[in-house]
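Data block below; observations after.
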Number of protein chains: 4
Amino acid sequence: MRHKEGNKEKDIIEAAIKCFAKKGYHHSKIIDIAKIANVAVGSIYVYYNNKEDILIKIFNNLWERLYFKITNIEKNSRLTPVEKIDTMIEDIFDAFIENPNLAIVFVNEQQYLLKLSSTLSNNFHKKYLDVGEIFIKEGIQQNIFSSEINSNIFRIFILGAIRNLLRYWADTPVKISLAKIKENVTYLIRNGILKK
Amino acid sequence: MRHKEGNKEKDIIEAAIKCFAKKGYHHSKIIDIAKIANVAVGSIYVYYNNKEDILIKIFNNLWERLYFKITNIEKNSRLTPVEKIDTMIEDIFDAFIENPNLAIVFVNEQQYLLKLSSTLSNNFHKKYLDVGEIFIKEGIQQNIFSSEINSNIFRIFILGAIRNLLRYWADTPVKISLAKIKENVTYLIRNGILKK
Amino acid sequence: MRHKEGNKEKDIIEAAIKCFAKKGYHHSKIIDIAKIANVAVGSIYVYYNNKEDILIKIFNNLWERLYFKITNIEKNSRLTPVEKIDTMIEDIFDAFIENPNLAIVFVNEQQYLLKLSSTLSNNFHKKYLDVGEIFIKEGIQQNIFSSEINSNIFRIFILGAIRNLLRYWADTPVKISLAKIKENVTYLIRNGILKK
Amino acid sequence: MRHKEGNKEKDIIEAAIKCFAKKGYHHSKIIDIAKIANVAVGSIYVYYNNKEDILIKIFNNLWERLYFKITNIEKNSRLTPVEKIDTMIEDIFDAFIENPNLAIVFVNEQQYLLKLSSTLSNNFHKKYLDVGEIFIKEGIQQNIFSSEINSNIFRIFILGAIRNLLRYWADTPVKISLAKIKENVTYLIRNGILKK
DNA sequence: GATGAATGAGCATTCATTCAT
DNA sequence: AATGAATGAATGCTCATTCAT
């Protein structure tokens with residue numbers, strides 16, 4: 001009936017992102033995803049072990065891509081710590097600008113995933129955060145960043161802030177541009193709220 | 001024991017917070033809550049319309065308390081905008097230090113609630129955010145806060161950051177102290193990451 | 001709070017008739033009846049054993065009254081069999097004209113009751129039917145009614161017909177008058193559909 | 001056995017008729033029907049929307065069949081109005097002789113259904129009654145039936161009578177034959193109780 | 001690989017009844 | 001007698017997963 005050969009796996013994950021974004025993970029039914037993907041229910045289980053597995057793979061794909069980018073940043077010795085963090089933030093925003101539905105799923109369901117994350121063999125999310133923390137430590141060592149900052153707290157602080165802004169952006173019909181948000185985030189992280 | 005003793009309603013909501021914190025809202029069964037509250041299943045429906053209603057009331061209670069506190073901050077004309085924001089952050093942390101399970105529920109389920117929040121008659125969360133935004137605008141007017149900051153983005157930024165830190169704190173067995181986290185948050189919000 | 005002394009039992013049964021008529025027995029809740037009767041839930045169980053008991057007593061009251069009337073008809077030796085049946089039908093209609101809600105409960109729930117009727121100690125319904133059958137047998141003996149008629153079948157035939165007409169009447173917003181219906185019933189029972 | 005065998009839908013409806021006949025609609029549990037049909041609970045919901053839907057379809061099937069028969073009677077121009085009504089009654093009795101359980105469900109639950117009947121798209125019951133009324137009007141026009149009879153009242157009268165007799169027949173362990181009942185009904189409708 | 005009918009464990013909610021006051 | 005908060009057994013329905021074709 002349907003033979004876009006070799007695309008089913010991708011079709012399914014894209015359908016799932018759409019569906020999770022629209023209804024949330026818990027309210028998305030396998031049959032909904034199957035319909036959006038134009039695929040039979042059974043076919044989903046050919047490519048994915050179960051519903052949760054789809055969500056895991058959505059996030060793994062995302063963090064894998066971001067991890068690839070952050071390692072490139074890390075390797076680039078010409079960048080200052082400030083530039084590294086700026087670029088890192090830019091990459092995160094770019095990933096979601098490209099796929100706003102993914103942003104919605106990210107902000108809503110990432111939490112649910114973290115409880116399972118320890119079971120992931122390739123935990124790109126963890127690796128990603130570790131590299132991010134390195135940037136901060138570098139900045140502190142080079143006396144650019146304040147030594148009063150705990151790098152661990154900082155990375156959690158910043159990702160939470162970004163996540164909440166993405167959620168807000170994704171949920172708001174009349175959008176503030178992501179560019180504007182990115183600009184504000186960059187400013188706040190660098191300077192905080194006080195005038196210099 | 002057939003007559004109102006005046007604490008079942010409270011017992012249930014406290015049991016629900018425990019249960020939601022431990023298993024998450026979607027995986028908490030009514031019978032679980034009933035057992036923890038040492039109450040019959042039917043009794044839950046004497047005090048709450050349904051499962052969702054319990055969650056709604058948990059958050060409404062929380063935001064009502066915080067709203068009460070923030071209005072006191074607002075009325076206090078001796079505080080500078082910086083102090084107002086510091087105190088506001090302190091109040092949020094205090095609320096969760098008092099009840100760490102509430103913090104877990106907050107970070108995990110608030111998202112789910114926001115979709116229903118428009119239906120709440122007394123939306124203390126909304127009111128709370130509005131007062132917070134006023135503080136920022138005051139600071140900008142008084143030329144203490146940078147005018148490059150969008151107050152709306154800032155309040156979303158800051159609450160997302162705090163939420164993520166609370167989640168981290170609540171999930172981590174060996175705790176960084178909330179005091180330490182609060183200190184870092186205050187610093188980051190004031191000064192950002194760069195050295196002054 | 002409420003002290004119309006000595007009326008509670010009656011209040012409850014009247015409330016139940018209203019409620020059963022409006023929502024049906026199965027969809028009427030004890031608390032609904034309590035509210036209509038302006039009585040506490042527990043009070044209902046002071047006067048009635050359970051929900052079913054209320055329905056049983058509603059019907060028992062009805063058939064007791066009709067049985068009282070039919071025995072008077074039976075005793076009246078001046079009436080011909082035709083007149084006896086006419087009067088019997090008239091009495092049935094009168095009972096329901098007086099209380100249309102009772103008609104609705106009768107047509108909808110009598111069926112449910114019949115399954116329990118064998119358990120009734122004073123089964124006035126059964127006794128009523130037996131007297132009705134006597135009238136028919138008298139008519140046949142006196143060569144007024146056709147001997148082709150089985151008296152048992154006839155009484156079931158006639159009560160079914162009347163019940164269905166009452167149901168129709170009770171359900172129909174723009175009413176055919178019960179008088180008109182009664183007239184037609186009397187005619188049909190006497191003469192059938194064929195012209196004489 | 002994972003693929004449609006084409007009889008589950010029928011198995012379920014037949015099981016439901018048996019179950020409703022034995023216990024009544026309200027006391028029949030979905031799991032009871034599933035067991036009788038030798039089918040999983042979930043399978044019932046593959047073919048029917050809900051419990052009520054099963055009942056609706058039982059009646060719709062019945063009235064569709066009867067409607068098919070009555071339209072054939074209507075088309076047959078050789079039949080007199082009396083013969084038409086006779087045949088109509090015969091068809092009703094035949095439908096229930098074929099399936100006595102259906103008769104029990106009919107007499108007990110049709111009432112419940114009438115409240116929903118307006119929502120049915122194909123309301124064969126309504127159409128059936130309309131054709132029946134035409135027969136009566138024809139008979140009155142042709143001066144065969146008494147003009148004192150209201151055709152609307154008559155059709156309600158007759159169906160109520162038949163329903164009650166069927167119920168009696170279905171409930172009575174030692175049966176009067178349906179043939180005997182049919183004979184009496186035909187006589188009563190034609191001639192009433194009085195001797196000619 | 002692809003399909004979708006079949007499955008059945010799982011759960012929120014209801015409501016008649018009870019009984020301490 | 002009167003009350004109404006408390007109870008918990010009972011049930012319709014859902015939906016992720018399976019597997020014969």
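First the proteins, then the strands, lettered A, B, ... as listed; each starts at 1.
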Minimum heavy-atom separation for C:I36 and C:C19, please, with both atom names. CD1-CB, 3.8 Å
What integer distance in Å separates B:I33:CD1 from E:dT13:C1'? 13 Å
Return the value, rounded to whole Å, for the distance between atom OH of B:Y48 and atom P of E:dT14. 17 Å
Could you grab the distance from atom CD1 of B:I44 to atom NZ of B:K8, nearest 0.5 Å is fine? 11.5 Å
Nearest 0.5 Å, please: how far is CD in A:E109 from OG in A:S28? 8.0 Å
Given E:dT7, F:dA2, E:dT3, which nucleotide is nearest the side-chain atoms of D:V39? E:dT7
Is there a side-chain polar atom (N or O) of A:Y47 under 4.0 Å from OP1 or OP2 of E:dA2? yes
Rounded to the nearest 0.5 Å, what separates atom CD1 in D:I30 from atom NZ in D:K51? 6.5 Å
Could you check how far CD of B:E9 sits from P of F:dA5, rounded to whole Å? 12 Å
Starting at atom NZ of D:K35, determine the distance to atom C1' of E:dG8, rounded to an integer number of angstrom. 12 Å
Length of the CG-C1' vector between B:L55 and E:dA12, whole Å: 15 Å
Using the six-membered ring wherever Trp is involved, compare the ring planes of D:F106 and D:F59 and label them parallel, tilted or perpendicular (cut-offs 30° and 60°). tilted
Would you please test A:E14 and A:K10 for salt bridge (charged side-chain N to carboxylate O under 4.0 Å, His left out) and show each step? CA-CA 6 Å; A:E14 283 171 0; A:K10 207 174 160 229; 3.7 Å; yes
Find every protein N or O atom lying less than 3.5 Å from an N or O atom of nucleotides 11-14 of chain F, and list the pairs.
from   : atom 1 : to    : atom 2 : distance (Å)
F:dT11 : OP1    : D:K29 : NZ     : 3.1
F:dG12 : OP2    : D:I30 : N      : 3.0
F:dC13 : OP2    : D:Y45 : OH     : 2.9
F:dC13 : OP2    : D:K51 : N      : 3.1

Rounded distance in Å - CD1 (A:I44) to P (F:dC19): 18 Å
Residue pairs involving residues 31-40 of chain D (criterion salt bridge (Lys or Arg N to Asp or Glu O under 4.0 Å); sequence neighbours excluded): D:K23-D:D32
Could you give the CG-to-P distance, from A:D53 to F:dT18, as a whole number of Å? 12 Å
All stems that DNA chain F takes part in, i.e. 3 or more consecutive Watson-Crick or G-U pairs with distances under 3.5 Å, are E:2-21 with F:2-21
Decide whether a cation-pi geometry holds between D:K57 and D:Y47; the criteria are a distance under 6.0 Å from NZ or CZ to the six-membered ring centre and an angle within 45° of the ring axis. no
Rounded distance [0.5 Å steps], OH in B:Y48 versus CD1 in B:I58: 8.0 Å
5' priority, DNA chain F, between D:S43 and C:A40 [closest heavy atom]: C:A40
F:dT3, E:dT7, E:dA2: which one has an atom nearest the side-chain heavy atoms of A:K8? E:dA2
When rounded to whole Å, the CD1 to P distance for the pair C:I12 and E:dT17 reads 14 Å
